[in-house]
Amino acid sequence: MRAVLTTGNQDLRVTDIATPEPGTGQVRIRVRAAAVNPVDLSTADGMFHNLGLLPPDAVVGIGWDVSGVVDAVGAEVRAFRPGDEVVGLRTGFDAGIGTYSEQVVLNADAIAPLPAGLDLTRAAAVPLIAQTAAQAIALLGPQVKTLLVTGSSGGVGSYAIPLAARRGLTVTALGKADDAERLRESGADVVATSLEDVQGQRFDAVLDPAVIGTDLFTFIVDAGQYVGLIPAAVPPSEREIEVEAVSVHADGTELAGLLIDVAAGRLPLRIAGEFPLAEVQKAHAAVAAKAAPGRLLVTA
C-alpha cells in the first residue's frame with residue numbers, strides 16, 4: 001500500500017510499504033480522507049526531530065485525522081466490523097504509519113461510527129480540532145464564567161466557541177473581521193478583531209489556540225486560568241494564574257458525540273479543498289500559505 005513518510009527534512013514522499021495488520025483491540029481502516037493539520041506541517045519540517053523528540057532522520061508517518069471504511073478487525077473487537085464507515089484520531093508524532101495512507105490501524109476505542117447525514121470524506125476534518133477544543137473546554141474550572149478565545153477563526157477556535165457557549169459561558173471571540181457574523185451565530189457574545197478591542201477587560205479564563213502566550217495575562221483575572229494547546233509553549237504563571245495545556249487524547253465515545261453535533265449543524269464544518277495523496281506537498285503548501293478558510297483534506 002501507499003503511505004506518506006518523512007524524515008523531517010521537508011521530504012514528504014509517497015512510499016510503498018507493507019499493509020499493517022490489526023492487533024488485539026485494533027481495527028484497520030481503508031482510508032477515504034485525512035485532514036491536514038499544523039502538526040503535520042511541523043512534523044514534515046523537522047520540529048520534533050530538531051527538539052530531540054525523534055532520532056535524527058527517523059522515518060515517520062504523517063496524519064492524525066482519518067475517515068474511511070473498516071476492512072479488518074483484531075481480536076476482542078466487538079463494536080466494529082468490516083464494511084463499517086468510521087472516523088478516528090491517531091495521536092502522536094512518532095508513528096511509523098500515519099493517516100496519510102491507503103490503510104491505517106487504530107485502536108478501536110479511538111474511532112467512532114459515521115453518523116447519518118455526514119459525508120464520509122468531509123468527516124475527516126473533525127476529530128483533532130473538535131476533540132482538542134472539547135478537551136480544552138473541559139479543563140476550565142467551575143468558577144469560569146467569562147472566556148476569551150484567541151484564534152477563533154481557526155479550526156480549534158471555531159469549535160471552542162459553540163462548546164463554551166453550550167456550557168453557559170460568556171464568550172469573547174478574537175477572530176477575523178469577515179468571520180464576525182459566523183462567530184456570533186456559533187455562540188460568541190462578543191467578537192473582537194484585535195487585543196485592542198478588549199483593552200481594560202478581564203476574563204476568568206483564556207483559551208489560546210493562536211499561541212499568543214504571556215501577553216494575554218493582562219486580560220486574565222488574578223488566579224484565573226490560561227489554557228494553551230502546546231504543552232512546551234505555555235508561559236510561566238503570574239498572579240496565581242493556573243497555566244496548563246491540553247494534551248489531546250483519542251476518545252471514540254467523545255468523538256461520536258461531536259460527529260453527531262456536526263451532522264446536526266450544531267458544530268461547524270468548513271472544507272476548503274481536497275488533494276489526492278500524490279499531491280500531499282501541494283496540500284501542505286496551501287495550508288502554510290493559508291490560501292483559503294476551512295480545512296484541507298488529503299484523499300487516498
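Model, not experiment: these values are computed from the prediction. When reading the values below, keep in mind they use all heavy atoms of this one structure, side chains included, and skip hydrogens, waters and symmetry mates.
- Remark: Thr172 OG1 to Leu148 CG distance equals 6.0 Å, nearest 0.5 Å.
- Panel note: side chain Asn37, backbone Asp40; no donor-acceptor pair is recorded below 3.5 Å.
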**Request:** Carefully, step by step, assess Val198 and Leu195 under the rule side chain to side chain contact (heavy atoms under 4.5 Å, CB included).
**Result:** CA-CA 5 Å; Val198 292; Leu195 289 177; 4.3 Å; yes
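- Note on Val262 and Val66: separate hydrophobic clusters, where clusters join Ile, Leu, Val, Met, Phe, Trp and Tyr whose side-chain heavy atoms are under 4.5 Å apart, directly or indirectly.
- Linking ILVMFWY residues whenever their side-chain heavy atoms come closer than 4.5 Å, directly or via other members, leaves Val14 and Val31 in distinct clusters.
- Counting only N and O atoms by type, the side chains of Thr7 and Asp57 include no donor and acceptor under 3.5 Å apart.
- Here OG of Ser101 is found 7.0 Å from CD1 of Ile17. Values are rounded to the nearest 0.5 Å.
- Nearest approach of Gly117 to Ala263, heavy atoms of both residues: C-CB, 4.4 Å.
- Inter-residue side-chain proximity for Leu140 and Gln225 is flagged as met; some heavy-atom pair is nearer than 4.5 Å.
- A distance of 9.5 Å separates CD in Glu274 from CG in Leu296, rounded to the nearest 0.5 Å.
- Side-chain atoms of Ser237 and Tyr226, non-hydrogen and from C-beta on, never get closer than 4.5 Å to each other.
- Looking at Arg166 and Asp261, a side-chain N of the basic residue comes within less than 4.0 Å of a carboxylate O on the acidic one, giving a salt bridge.
- Taking every heavy atom of both residues into account, Gly96 and Leu5 meet most closely at O-CD2, 3.4 Å.
- For the side-chain contact (heavy atoms from CB on, under 4.5 Å) test with Ile230, the passing option among Val39, Asp208, Val246, Val211 is Val211; the others fail.
- When the options Val59, Val60, Asp45, Val280 are evaluated for a side-chain contact (heavy atoms from CB on, under 4.5 Å) with Thr6, the one that passes is Val60.
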**Asked** Please walk me through it: do Leu147 and Ile137 pass side chain to side chain contact (heavy atoms under 4.5 Å, CB included)?
**Response** CA-CA 10 Å; Leu147 176 68; Ile137 295 298; 4.0 Å; yes
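- Looking only at side-chain heavy atoms (C-beta outward), Leu114 and Leu259 stay at 4.5 Å or farther from each other.
- Contact check for Phe275 versus Leu297: no side-chain heavy atoms found under the 4.5 Å cut-off.
- Across every non-hydrogen atom of Thr91 and Ala250, the tightest pair is CG2-N, 3.9 Å.
- Residues Arg295 and Val36 have side chains not in contact (no heavy-atom distance under 4.5 Å, counting atoms from C-beta outward).
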**Message:** The test is side chain to side chain contact (heavy atoms under 4.5 Å, CB included); show your working for Ser247 and Gln135 and say whether it passes.
**Reply:** CA-CA 8 Å; Ser247 294; Gln135 292 169 26; over 6 Å; no
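- Within the 3.5 Å criterion, the main-chain N or O of Lys176 finds a donor-acceptor partner in the side chain of Ser153.
- Residues Tyr159 and Val87 fall within the same hydrophobic cluster, defined by Ile, Leu, Val, Met, Phe, Trp and Tyr side chains chained together at heavy-atom separations under 4.5 Å.
- Under a 3.5 Å cut-off, the side chain of Asp197 and the backbone N or O of Thr193 do form a donor-acceptor pair.
- A donor and an acceptor atom, one from each side chain of Gln10 and Gln281, are nowhere located under 3.5 Å apart.
- One finds the CZ atom of Arg30 at 9.5 Å from the CE atom of Met1 (value rounded to the nearest 0.5 Å).
- With Gln26 contributing its side chain and Gly23 its backbone, the two residues share a donor-acceptor pair below 3.5 Å.
- With hydrogens and angles disregarded, no donor-acceptor distance shorter than 3.5 Å links the side chain of Asn107 to the backbone of Ala110.
- Of the inter-residue distances, the one linking Asp215 atom CG with Thr150 atom OG1 reads 11.5 Å to the nearest 0.5 angstrom.
- Judged by distance alone, the side chain of Arg28 and the main-chain N or O of Pro20 form a donor-acceptor pair under 3.5 Å.
- Counted by atom type alone, Asp204 and Gln143 present zero donor-acceptor pairs between their side chains at under 3.5 Å.
- Within the 4.5 Å cutoff, side-chain heavy atoms of Ile260 are placed close to those of Arg266.
- When every heavy atom of Pro209 is checked against every heavy atom of Leu229, the shortest pair comes out as CA-CD1, 3.6 Å.
- Heavy-atom minimum distance, Ser152 versus Ile161: OG-CD1, 3.7 Å.
- Using a 4.5 Å heavy-atom threshold, the side chains of Leu258 and Leu163 count as touching.
- Annotation: side chain of Leu267 is in contact with side chain of Pro162 (closest heavy-atom distance under 4.5 Å).
- The backbone N or O of Phe217 lies less than 3.5 Å from a partner atom in the side chain of Arg239, making a donor-acceptor pair.
- To the nearest 0.5 angstrom, Ile111 atom CD1 is 12.0 Å from Ser67 atom OG.
- For Arg90 (side chain) and Gly63 (main-chain N/O), a donor-acceptor pair under 3.5 Å exists by modelled atom type.
- Taking a 6.0 Å sphere around CD of Glu196, one finds it holds 12 or fewer heavy atoms contributed by other residues, nucleotides or ligands.
- For the residue pair Val73 and Pro22, the shortest heavy atom distance occurs at C-CG, 3.9 Å.
- With sequence neighbours left out, the salt bridge (Lys or Arg N to Asp or Glu O under 4.0 Å) criterion links Arg81 to no other residue.
- Residues Ile62 and Leu277 share a single hydrophobic cluster, defined by chaining ILVMFWY side chains whose heavy atoms lie under 4.5 Å apart.
- Using a distance-only test at 3.5 Å, with no hydrogens or angles considered, no donor-acceptor pair links the side chain of Gln103 to the main chain of Ile29.
- The hydrophobic clustering, which links ILVMFWY residues whose side-chain heavy atoms are closer than 4.5 Å, places Phe203 and Val234 together.
- Judged by distance alone, the side chain of Asp71 and the main-chain N or O of Pro82 form no donor-acceptor pair under 3.5 Å.
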**Request:** Please step through side chain to side chain contact (heavy atoms under 4.5 Å, CB included) for the pair Asp109 and Asp251, ending with a clear verdict.
**Result:** CA-CA 6 Å; Asp109 60 8; Asp251 182 331; over 6 Å; no
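- Screening residues 82-122 for ring pair (Phe, Tyr, Trp, His ring centres under 6.0 Å), with sequence neighbours left out, gives Phe48-Phe93, Tyr100-His284.
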